[in-house]
Amino acid sequence: MHEGTISVAELPGGFDMQATVESGQTYLWDRADDGMFEDDHAWGSDAWYHTVLPATFTDTDEPQVIRVRLLDDHVEWEASTPEAPAYLTRLLRLDDDLDAIIDDCPDLPLLERAFTEYRGMRLVRDPPFPCLVSFICSAQMRVERIHGMCMRLAQQYGERVTFDGDTYFAFPTPDQLAAATEADLRDLSLGYRAPYVQRTAEMVATGEADPAHARDLDYEAAREYLTQFVGVGDKVADCVLLFSLDFLEAVPLDTWIQTAIEEYYPDCDGDNYADTSRKIRRQFGDRYAGYAQTYVFFYLRTGGE
DNA sequence: CTCGGCCCTGTCCA
DNA sequence: ATGGACAGGGCCG
């Protein structure tokens, strides 16, 4: 077992592990105490979180396990690989200069409140395929249930990994998921998303399309590219662009943000998705609109005014 | 390009 | 008890 610590003081802008991993950006982490996404757990807990990195992410032969917890002034990690700090930096965007990003965002009262409330929350950088599948599952679903679906997919179809005497499951590869049947996936409570997931996995497995390819395109073209996957519309495409592919300007227009736009920024309420998207990006700042959106989304969803 | 009807499923609430 | 609304949408006609 490899282990070590990362000093929070050296992370520009600080770090809030719980807000980062439980804010609905990612469904690929789990909490050792089984309290993930519970409504009434106390914030600021120092629980252990873990995730399994796909072999493709680490460019190694096997999936790698990483466990992390945040103590007062440092991040403590245990992993199956000595490269954990570098992987954590990628996954949790520990190299983003949060202070500079928040500085760069416009001075809007709602933004200020959200930034103040959850200072230290970072965006995530999930591996592309797991991110794509998890957000296909997210349609009309609560966060706890999306998380449950992803955990069941891993347990059912992913590679089993043993680390430090415990068993973990990697998120399934495109090949592994493509081999599932619609009925199998419905048994995991995916509902009408089951055929979407199966067909999308097949598209990736056969090489017909690759979500990572969207990286090479301009933002709007990238969003369009991702909508070719079954079960992926503009909103899910924006989630993948923002939470996996480094498009920090992407603003997923979900019902929460739609409501916020009507209430706080009615001028941004456009004729269609693309139109509203352009307007809200201008309002939130072209470069980091997605960071602003994620803070606002989480702030509103957790009961902020 | 826009629109409405429809889709799985667990939970909450009248 | 039990049905209808609803939950961070997308597909299809």
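Every heavy atom of this structure was used, including side-chain atoms; hydrogens, water molecules and symmetry mates were not.
A donor-acceptor pair shorter than 3.5 Å can be found between the side chains of A:Y291 and A:D96. For the residue pair A:Q25 and A:S23, a side-chain donor N or O sits within less than 3.5 Å of a side-chain acceptor on the partner. For the residue pair A:R223 and A:T227, no side-chain donor N or O sits within less than 3.5 Å of a side-chain acceptor on the partner.
The cationic group of A:R67 does not satisfy the cation-pi geometry with A:F163, failing either the under 6.0 Å distance to the six-membered ring centre or the 45° limit from the ring axis.
Around CD of A:E62, the count of heavy atoms belonging to other residues, nucleotides or ligands within 6.0 Å does not exceed 12. Environment of CZ in A:R199: sparse, with no more than 12 heavy atoms of neighbouring residues, nucleotides or ligands closer than 6.0 Å.
In terms of position on DNA chain C, the residue among A:T227 and A:P252 whose nearest nucleotide sits closer to the 5' end is A:P252. If A:V143 and A:V230 are placed on DNA chain C by their nearest nucleotide, the residue sitting closer to the 5' end is A:V143.
Rounded to the nearest Å, the gap between the C1' atom of C:dC6 and that of B:dC8 is 13 Å. Spacing of P atoms, B:dC13 relative to C:dG8, comes out at 14 Å, to the nearest Å. The C1' atoms of B:dC3 and C:dA7 are separated by 22 Å, rounded to the nearest whole Å.
The distance between atom CG of A:L242 and atom C1' of C:dG8, rounded to the nearest whole Å, is 13 Å. One atom, CD of A:E144, and another, P of B:dT11, lie 10 Å apart when rounded to the nearest Å. One can place CE of A:M149 at 12 Å from P of C:dG8, the figure rounded to the nearest angstrom. Following rounding to the nearest Å, A:F297 (CZ) and C:dA7 (P) show an atom-to-atom distance of 12 Å. Note: CD1 (A:I146) to P (B:dT11) measures 15 Å, nearest angstrom. A:L226 places its CG atom 12 Å from the P atom of C:dG10, with the value rounded to the nearest Å. Whole-Å rounding puts the A:R142 CZ to C:dG9 C1' distance at 15 Å. Whole-Å rounding puts the A:D187 CG to B:dG10 P distance at 12 Å.
Using a 4.0 Å cut-off on heavy atoms, the residues of residues 129-140 of chain A that approach DNA chain C are A:F135, A:A139, A:Q140, listed by number. Of the residues in residues 189-215 of chain A, those with a non-hydrogen atom less than 4.0 angstrom from any atom of DNA chain C are A:Y192, A:Y196.
When base pairs are accepted only as Watson-Crick or G-U wobble with both N-N or N-O distances under 3.5 Å, DNA chain B takes part in stems of 3 or more pairs at B:3-7 with C:9-13, B:9-14 with C:2-7.
A centroid separation of 6.0 Å or more is found between the aromatic rings of A:Y118 and A:Y295.
Atom CD of A:Q156 and atom CZ of A:F169 lie 9.5 Å apart (nearest 0.5 Å).
Classification of A:D246 and A:R93 as a salt-bridged pair holds, one side-chain N sitting under 4.0 Å from a carboxylate O. A salt bridge is defined here as a Lys NZ or Arg NE, NH1 or NH2 lying under 4.0 Å from an Asp or Glu carboxylate O, and A:R119 with A:D16 fails to meet this definition.
The two residues A:D269 and A:T276 make their nearest non-hydrogen contact at C-OG1, 4.0 Å.
Under the 3.5 Å distance criterion, the side-chain polar atoms of A:Y219 are left unmatched by any main-chain donor or acceptor of A:F247.
Distances shown here put every side-chain N or O of A:N272 at or beyond 4.0 Å from the OP1 or OP2 atom of B:dC1.
Across all strands, A:G24 comes closer than 4.0 Å to base atoms (heavy-atom distances).
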